[in-house]
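All values derive from a computational prediction rather than experimental measurement.
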Amino acid sequence: MPGDTDYMALAIAEAESAAQRGEVPVGAVIVETGTGAVLARAGNETEARADPTAHAEIVALRAACTARGRPRLPDCDLYVTLEPCTLCAAAISFARIRRLVYGAPDPKGGGVVHGARFYALPTCHHRPDVSGGLLAEPSAALLRAFFRERRG
């Protein structure tokens, strides 16, 4: 069965695809823990959908929940190339994701280790196990290259 690095590599591939579409290069993968089956893969789609909530994590959560026919995924892990923002952290909590694995930290917009630290709030009902820094450098490099190109 594939491991964390393999699933994060799939998320990085989704981030690369998002960048090619002109989206901020963030990718996410949702995996069923018992079988290792990938339930959903997604990159950011905020520009394509004209939807500020179409972050990679949200798009992947929607697809996985639709595939399962239920709103909660307690036996699933989510791999994402960038520390989730507070919006995504809340959605991950509501979906009851078992474990969150992210790549690059996000000191400006993160909501897990930085910013609001959503899972540390007393109002948070579900806290996934969180691991950060997996393949952080290639994840961060994609973001740096994307924004460097945008700035010209």
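Listed for the Asn44 side chain is no donor-acceptor partner under 3.5 Å among the backbone atoms of Glu23. A donor-acceptor pair under 3.5 Å is formed between the side chain of Glu83 and the backbone N or O of Val113. Put simply, the side chain of Asp51 never gets that close to the backbone of Thr46: no donor and acceptor are under 3.5 Å apart. In this structure, Thr81 contributes its side chain and Ile12 its backbone to no donor-acceptor pair below 3.5 Å.
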For residues 84-92, dump all side-chain donor-acceptor pairs below 3.5 Å to protein atoms at least two apart in sequence or in another chain.
none

Please tabulate, for side-chain N and O atoms in residues 132-145, each donor-acceptor pair with protein atoms closer than 3.5 Å (sequence neighbours left out).
from   : atom 1 : to     : atom 2 : distance (Å)
Glu137 : OE2    : Arg144 : NH2    : 2.4
Ser139 : OG     : Leu135 : O      : 3.0

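Closest approach of Arg127 to Leu121, counting heavy atoms only: NH2-O, 2.8 Å. The minimum heavy-atom distance linking Val59 with Glu45 is given by the pair CG1-OE2, 3.9 Å. When every heavy atom of Ile97 is checked against every heavy atom of His126, the shortest pair comes out as O-NE2, 2.7 Å. Smallest separation of non-hydrogen atoms from Thr33 and Met1: O-CE, 4.1 Å. For the residue pair Val101 and Met8, the shortest heavy atom distance occurs at O-CE, 3.6 Å. Listed here is the closest heavy atom pair of Ala64 and Ala40: N-CB, 3.8 Å.
Just one residue in the list Val80, Asp6, Leu10 forms a side-chain contact (heavy atoms from CB on, under 4.5 Å) with Val29, and that residue is Leu10.
How far CZ of Arg68 is from CG of Asp75: 4.0 Å, rounded to the nearest 0.5 Å. Atom OH of residue Tyr119 and atom SG of residue Cys124 lie 7.0 Å apart, to the nearest 0.5 angstrom. Leu82 CG to Asp106 CG: the interatomic distance, rounded to the nearest 0.5 Å, is 4.5 Å. The distance from atom CG of Leu78 to atom CG of Leu100, rounded to the nearest 0.5 Å, is 6.0 Å. Rounding to the nearest 0.5 Å gives a distance of 4.5 Å between CD of Glu14 and CZ of Arg41. In this structure, NE2 on His114 lies 12.5 Å from NZ on Lys108, to the nearest 0.5 angstrom.
Listed by first and then second residue, the ring pair (Phe, Tyr, Trp, His ring centres under 6.0 Å) pairs that reach into residues 41-96 are Tyr7-Tyr79, sequence neighbours excluded. The ring pair (Phe, Tyr, Trp, His ring centres under 6.0 Å) contacts involving residues 127-152 comprise nothing, where partners must be two or more places apart or lie in separate chains.
Counting heavy-atom neighbours within 6.0 Å of Arg21 CZ, excluding the residue itself, gives a total above 12.
For Thr35, the side-chain hydrogen bond (donor to acceptor under 3.5 Å, both in side chains) partners are Glu32, not counting sequence neighbours. In terms of the side-chain hydrogen bond (donor to acceptor under 3.5 Å, both in side chains) criterion, Arg70 has no residue partners (sequence neighbours excluded).
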Check the pair Arg99, Asp129 against salt bridge (charged side-chain N to carboxylate O under 4.0 Å, His left out), reporting the backbone distance first and the verdict last. CA-CA 5 Å; Arg99 187 166 68 114; Asp129 290 334; over 6 Å; no

Thr66 vs Arg62, side chain to side chain donor-acceptor pair (under 3.5 Å): CA-CA, chis, key distance, verdict: CA-CA 6 Å; Thr66 297; Arg62 287 176 179 156; over 6 Å; no

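Note on Val31: it does not cluster hydrophobically with Leu39, by side-chain heavy-atom contacts below 4.5 Å among ILVMFWY residues.
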